[in-house]
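Structure, as structure tokens:
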Amino acid sequence: MEKSDTIRPGEQTLAIDPATLADAQLAFIGQIASPWSRREDCPKNMREARLRARPAAILIAAPFRPALAGLAAGQFLHVLTWLGQARRDLALQMPRHASQPRGTFALRSPVRPNPIGLHLVRILAIDSAEGRIDIDGIDVLDATAVVDLKPFFETADIPPAGPFFGGSPGGEDA
């Protein structure tokens, strides 16, 4: 898949392309086994991925498999992926569903300075010895690199309600 250099009306690039910077090192811990091989076929978000009911898997590289201890089927898991085919230089983006451009940090688009994807998945089955985690769905292409896994905890991951926090959370997918 080729990275598109096309900019939609209203979009604006950053002053520097973050892809040209070398200020961090990541260790990819595995990859996604996904039914999606073409960007145009891939779901736009996890809600759509679940509606399509196409299970996927996270394949963890051997050196990282001991870190799977404690994960179990039925548990929710945050998966952080490296969306390496996304462009990285847009400050403003024009979502297809919007009437005006929005800042990259106000969107869930894969186009961002550091194209890290965030996906909340449910573990269907896990084989720690083989490094395979079967999941309920995913919204990334096959062979997408996995950066990290973090368990979902209701006590930490659901925003608190109340006047100090401004009431109920909002937002939308891009």
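For the pair Q93 (side chain) and L107 (backbone), a donor-acceptor distance under 3.5 Å is absent.
Take R52 and apply the salt bridge (charged side-chain N to carboxylate O under 4.0 Å, His left out) test, not counting sequence neighbours, and it matches E48. In this structure, R54 has no side chain to side chain donor-acceptor pair (under 3.5 Å) partners at least two apart in sequence or on a different chain. Residues meeting the side-chain contact (heavy atoms from CB on, under 4.5 Å) test with L92, sequence neighbours left out: Q12, P101. Not a single side chain to side chain donor-acceptor pair (under 3.5 Å) links E130 to another residue, sequence neighbours left out. Take A57 and apply the side-chain contact (heavy atoms from CB on, under 4.5 Å) test, not counting sequence neighbours, and it matches A33, L59, R132, D134. For N114, the side chain to side chain donor-acceptor pair (under 3.5 Å) partners are R88, not counting sequence neighbours. Every residue meeting the side chain to side chain donor-acceptor pair (under 3.5 Å) condition with D157, not counting sequence neighbours, appears here in chain and number order: H78.
Residue M94 shares its hydrophobic cluster (ILVMFWY side chains chained together at separations under 4.5 Å) with no other residue. Listed by chain and number, the hydrophobic cluster partners of L120 are F76, F152, I158, where partners are ILVMFWY side chains within reach of under 4.5 Å, directly or through others. Here L14 sits alone; no ILVMFWY side chain lies under 4.5 Å from its own, so it joins no hydrophobic cluster.
Neither L21 nor V147 shares a network with the other; the hydrophobic side chains, linked directly or stepwise wherever heavy atoms of I, L, V, M, F, W or Y lie under 4.5 Å apart, form separate groups for each. Under a hydrophobic-cluster definition in which Ile, Leu, Val, Met, Phe, Trp and Tyr are linked whenever side-chain heavy atoms come within less than 4.5 Å, directly or via other members, L80 and M46 are assigned to different clusters. When the side chains of ILVMFWY residues are joined at heavy-atom separations under 4.5 Å, either directly or via intervening members, L141 and F28 end up in two distinct hydrophobic clusters.
Nearest approach of P115 to A86, heavy atoms of both residues: CB-CB, 4.1 Å. P95 approaches Q100 most closely through the heavy-atom pair CD-O, 4.3 Å. Looking at every heavy atom in both residues, S109 comes nearest to R112 through O-NH1, 2.7 Å. Residues L71 and Q75 approach most closely at CA-OE1, 3.3 Å, considering heavy atoms.
Residue pairs meeting the salt bridge (charged side-chain N to carboxylate O under 4.0 Å, His left out) criterion with at least one partner in residues 144-155, sequence neighbours excluded, are D148-K150. Applying the side chain to side chain donor-acceptor pair (under 3.5 Å) rule to pairs touching residues 26-37 yields nothing, sequence neighbours excluded.
To the nearest 0.5 angstrom, I138 atom CD1 is 8.5 Å from D136 atom CG. Atom CG of D142 is separated from atom CG of D41 by 12.5 Å, given to the nearest 0.5 angstrom. For the atom pair CD1 (I60) and CD1 (I126), the distance works out to 8.5 Å, reported to the nearest 0.5 Å. Rounding to the nearest 0.5 Å places NZ of K44 at 12.0 Å from NE2 of H97. Atom CG of L118 and atom OG1 of T81 lie 8.5 Å apart (nearest 0.5 Å). The OG1 atom of T13 sits 5.5 Å away from the CD1 atom of I7 when rounded to the nearest 0.5 Å.
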For this session: Please assess R8 against R96 for the test side chain to side chain contact (heavy atoms under 4.5 Å, CB included), listing each intermediate value before the final yes or no.
Result: CA-CA 9 Å; R8 296 181 190 142; R96 286 181 175 83; 2.5 Å; yes

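The only option from I123, L77, V121 that meets the side-chain contact (heavy atoms from CB on, under 4.5 Å) definition with L149 turns out to be L77. With W82 as reference, L26 is the one residue of V146, L26, T144, V140 to meet the side-chain contact (heavy atoms from CB on, under 4.5 Å) rule.
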